[in-house]
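One-based numbering, in listed order, for ligands and for the atoms of each. Note that the numbering runs from 1 along the sequence shown for the chain.
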Amino acid sequence: MIVSYQITSVLAKNIILLNHPLMIKKIKTEQLKIGMYVHDFNCDKADEHVFISKALIKTEKAIQILDSWGIKEVYIDTLQGLDVERRKTNNKVTRDRRNGSHKMQGSGHSPPPDTTPLKEEVKIANTIKKEAVDIMQQAMVAAEEGKDIDVGNAFQLVEKMEKSVSRNKDALLLLTRMRRKDEYTLMHSISVSSLVLAFCNFSGIDYSMTINLAIGALLHDIGKTKIPIAILNKPGKLNPEEYTIIQKHAEYSADILADKSKLPSEVFDIALHHHERRDGSGYPDGLKGDAIGFGPKVVSLCDVYDAITSDRCYQNGIDKVGGLKILYDGSNLHFDKKLAYDFIRFIGVYPIGTCIKLENELVGVVTGSSGNLLQPVVRLFYSDKKKAAIRIQEINLSEVNIDIASYEASANWSSDKKQQFNTLRKTLGPLQ
Ligand SMILES: [Fe+2]
Ligand SMILES: [Fe+2]
């Protein structure tokens, strides 16, 4: 039996429906597998069976039925379901990145898969994070005192970060999102740089450009060291004068980096223009559309996403989705539309840390990706049906073929549900 897929969240629908023709593939019906999402049945016969339109294939029987109707070819949507067997695509993408084509390869390709499990990479990423904190502290002190920043150190660091992100895209991202309020600018810079690395990896951007953009991201807010701390850390809204002062940080960043002749041009461009917006409403130059360079376009997305979601801790994944919605809404006015859509796809419909409820009313938190965007790995801890805690267990939804019914907002949880979630957090080890 074929069952139409439904997601209750409007945002999830928006993300899934982002127009991307490369996600639609024509395949032979015999290549259909459970877990593929049929976008179009490519046959008038399907019209006779009005109960099917777009559908997720959930059983072998469904494939047999299509065959019995004489449907020999279908169009599948690889964004919403499984792809046909991977050939050598991923290896090729990785090789191409090293060999250096500077173009985006288009988000229709499959990004390189993680080669190291999250748990393992977190240990390595933790060491890299500590090194990053040291290097950024030194850079910020040097900038504050008008001394030279050790750019060589920054390059070596970013290369290590790139290797970590290539092995597992989530480890460094998760670690850099855990920060104390007093280390905001420092951890924000490392986090934005990690996001840039992972996004470039996802998008197939070549290695040297990836490193340049990540260096730019690491140093993009270095000019904040010239802003009075009282304004920088002011709780609540800034008044117009304070806002004008804080806007100066982009020019200060560019000034600090200007005499570093060895720095690639993208780094300087990112420092100066990461607050420019597509409609010209940004600063300092009010650049519009393609007058904004590729580097600032990429970094502005990562910068805004990190800033919006940074106050929220690991458990409050719904806010990550809220962050994506802001990028989606701003894709017309503020950001490069294609890059914004690619970025939303990169973060995914259910980012790690997002709380969700399954169709069977079990509640859990997303802890990993399964290769199927809509059926991630989740750790379950509560049954809404029984209104009771359950034994904490991790399941790969793509293996058991259970769908997510909705996002969960922890603010409305009962006390026993919150308590069980806290127990769950203890099972997350280094990800707590
Ligand atoms: Fe900034
Ligand atoms: Fe920033």
- Task: For the Fe ion (ligand 2), count the protein N, O or S atoms found under 2.8 Å away.
- Result: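 With waters ignored, the protein N/O/S count below 2.8 Å is 4.
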Scan the side chains in residues 284-296 for donor-acceptor partners under 3.5 Å anywhere in the protein, sequence neighbours excluded, and list what turns up.
{"unit_1": "Asp285", "atom_1": "OD2", "unit_2": "His273", "atom_2": "NE2", "d": "2.8"}
{"unit_1": "Asp290", "atom_1": "OD1", "unit_2": "Lys297", "atom_2": "NZ", "d": "2.6"}

Do you see a donor-acceptor pair shorter than 3.5 Å between the side chains of [X] and [Y]?
X: Asp403; Y: Gln375; result: yes
X: Glu121; Y: Asn168; result: no
X: His188; Y: Asp303; result: yes

- How about His249 and His220: are their ring centres within less than 6.0 Å of each other? no
- Just one of Thr367, Val363, Val365 clears the side-chain contact (heavy atoms from CB on, under 4.5 Å) bar with Leu424, so which one? Val365
